[in-house]
2 protein chains.
Amino acid sequence: MKIDPDDKTDLSAQIAGAIREEIMAGRLIVDARLPSEAELADHFAVSRPTVREALKRLAAQSLIRTARGAFGGAFVNRLSYPEAYGQHITTSTLLLSMNRVSFDVACEARYALERACTPLAAERRTPDTLATMRAEIHRQAQPGLTDEAFCASDVTFHRALVDSAGNPVLSYQLAGAVEAMQPLMNMITFTARSREAILGLHTRIADALERHEAEATQAALGELESYTLTLGRDVMAARARPKG
Amino acid sequence: MKIDPDDKTDLSAQIAGAIREEIMAGRLIVDARLPSEAELADHFAVSRPTVREALKRLAAQSLIRTARGAFGGAFVNRLSYPEAYGQHITTSTLLLSMNRVSFDVACEARYALERACTPLAAERRTPDTLATMRAEIHRQAQPGLTDEAFCASDVTFHRALVDSAGNPVLSYQLAGAVEAMQPLMNMITFTARSREAILGLHTRIADALERHEAEATQAALGELESYTLTLGRDVMAARARPKG
DNA sequence: AGACATTTAAATGTCTGACAAATGAAAATT
DNA sequence: AATTTTCATTTGTCAGACATTTAAATGTCT
């Protein structure tokens, strides 16, 4: 585990990289204890603050956790699903919001991925995921709901749809696509009319899943994509026009 | 932008969280300059090393970049696709390797996602992505290839397939699924016989894409999934047996 | 006036040394 | 034996200092 003395980049970045390599290569396994900060400082011939900066970088990626006290220290962290979700959602959301990704492209990606889940979801949906979807449908029918709350409920509904596939890896991968769309969706003003249309499609999806009908689910999801695309395009077109 | 004085967690984590919030909420926009480390230390009533640890956490997530010199400082970073890819792949790979995710579950997720790309890929594949796929097929036919090199080539092939869909958001989301499978695939010993089978399916996929035939692509991909699953199960079964 | 060299202020990068706080093991005490 | 105390270890935080980098500002020469 060494660093390049000729490298111009930050020492803390180099050290973090070296340790990250060890973890990803499996040479540092889960729950293994790293040397103490003082020992690491000695090993890399740097000061303790520099080592600490490196460790904080790793902690930010949930690669390590630290504990104070006599037998504390930095330990290789078992990356949990919630931690991975958080990382993925943060990255996905910022990628979309910072790169002028068009509504169309984001929407296409999201629905393509969701469609990938429907055959599995129709087969494996549980009473639990169905109940979540029904509850969100009910919430979305409340007239007093703000647009933000409607969007948030929409996200919960779609996550339940994805979770129906019963594959945690799939859920993790989809989390980024679904959640990252929310800021874009939040730009849309949902009229009573559009809410009604979406609600109807959500109901069709839930019904089809309940009856284990993959094709019907797919069809309703396809219509939802088209409709969402229309709503989004209207908003984007209005924004693009001068004078607003 | 404040921190909770009652919070027990690290000050640097709190400060990083506060700044991250500002970025994700859009109150700190791309290329905006953060206050200098001294000013931040003053603002949060902490020392400069603590502020630096917070900034390193954000840098680890590519949320900020720093520059030295008179008009340097920390700037909100526009998250690029390559940076996002890297984050996603790191997280996905570790999630799979640290959580005893079964080969079946990972494989199912990966191929479900890839299938989501095939209709778009068949429609939009370019000479460029096709050329990449052909080149990798050619490489995979070399007899001297190690198992690791074969796997790496396989990843490149599948990424070209995903890129054929012409949707960068989709490519980004899929990168995690495809790359994270590689360590699991590396456990497999590819015999001449299995390489031949995979090669044949890869060729069928490339041919079908070239002819814009979505269904044929889908079918070949489905067979590849079944075959991969068989190979993986054999390996895992052998590993599970005592005495090896 | 314009081109080039020099200075300088501001910022990050790094180091040293120190103290506080937490933590679990070991020793001392009841 | 159970409980309390002590103690070494380790991370968390702070203060102050110096090194390095950078671009603007200044000075100098043609």
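Chain A is the first sequence line, chain B the second, and so forth, proteins listed ahead of strands; every chain is numbered from 1. Because only heavy atoms are used, hydrogens play no part in the values below, and waters and symmetry mates are left out as well, while side chains stay in.
Distances shorter than 4.0 Å separate some side-chain N or O of B:T50 from OP1 or OP2 on D:dC14. Residue A:T66 has a polar side-chain atom (N or O) positioned under 4.0 Å from OP1 or OP2 of D:dG12.
In this structure, the nucleotide among D:dT11, C:dA25, D:dT13 sitting nearest to the side chain of A:F71 is C:dA25. Taking every side-chain heavy atom of B:D10 into account, D:dT13 is the closest of D:dT13, D:dA24, C:dG13. The A:R52 side chain lies nearest to D:dT11 when the options are C:dT14, D:dT11, C:dA25.
Rounded to an integer number of Å, the gap from CG of A:L55 to C1' of D:dG12 is 12 Å. Atom CD1 of B:I64 and atom C1' of C:dA11 are 14 Å apart (whole Å). Put simply, CG on B:D42 is 16 Å from P on C:dA10, counting in whole angstrom units. Computed from coordinates, the A:E53 CD to D:dC14 P distance equals 14 Å when rounded to whole Å. Taking atom CG of residue A:L58 and atom C1' of nucleotide D:dT11, one finds them 16 Å apart after rounding to whole Å.
Projected onto DNA chain D by closest heavy-atom contact, B:V46 and A:A70 fall at different nucleotides, the more 5' of which corresponds to A:A70. Both A:G69 and A:P49 lie close to DNA chain C; mapped to their nearest nucleotides by heavy-atom distance, the more 5′-ward contact belongs to A:P49. Judged by closest nucleotide on DNA chain C, B:E37 is the one of B:E37 and B:K8 placed further toward the 5' end.
With hydrogens and angles ignored, no donor-acceptor pair closer than 3.5 Å exists between the side chain of A:R48 and the base of D:dT10. Looking at B:R68, its side chain comes within 3.5 Å of the base of D:dT20 through a donor and an acceptor atom.
Using a 4.0 Å heavy-atom cutoff across all strands shown, B:R65 reaches no nucleic acid atom at all. Counting non-hydrogen atoms under 4.0 angstrom, A:K56 reaches the backbone sugars and phosphates but no base. Looking at heavy-atom distances under 4.0 Å, A:A38 makes no contact with the nucleic acid at all.
Ion pairing between A:E136 and A:R139 holds under the 4.0 Å rule for side-chain N and carboxylate O.
Using cut-offs of 30° and 60° on the angle between ring planes, the pair B:Y111 and B:H158 is perpendicular.
Side chains of B:T9 and B:D7: a donor-acceptor N/O pair is present below 3.5 angstrom, by distance only. With hydrogens and angles left out, the side-chain atoms of A:Y172 and B:T91 include no donor and acceptor closer than 3.5 Å.
The main-chain N or O of A:M98 is found under 3.5 Å from a side-chain atom of B:R78 such that the two form a donor-acceptor pair.
Base-pair partner of D:dT30: C:dA1 (Watson-Crick or G-U wobble, both distances under 3.5 Å).
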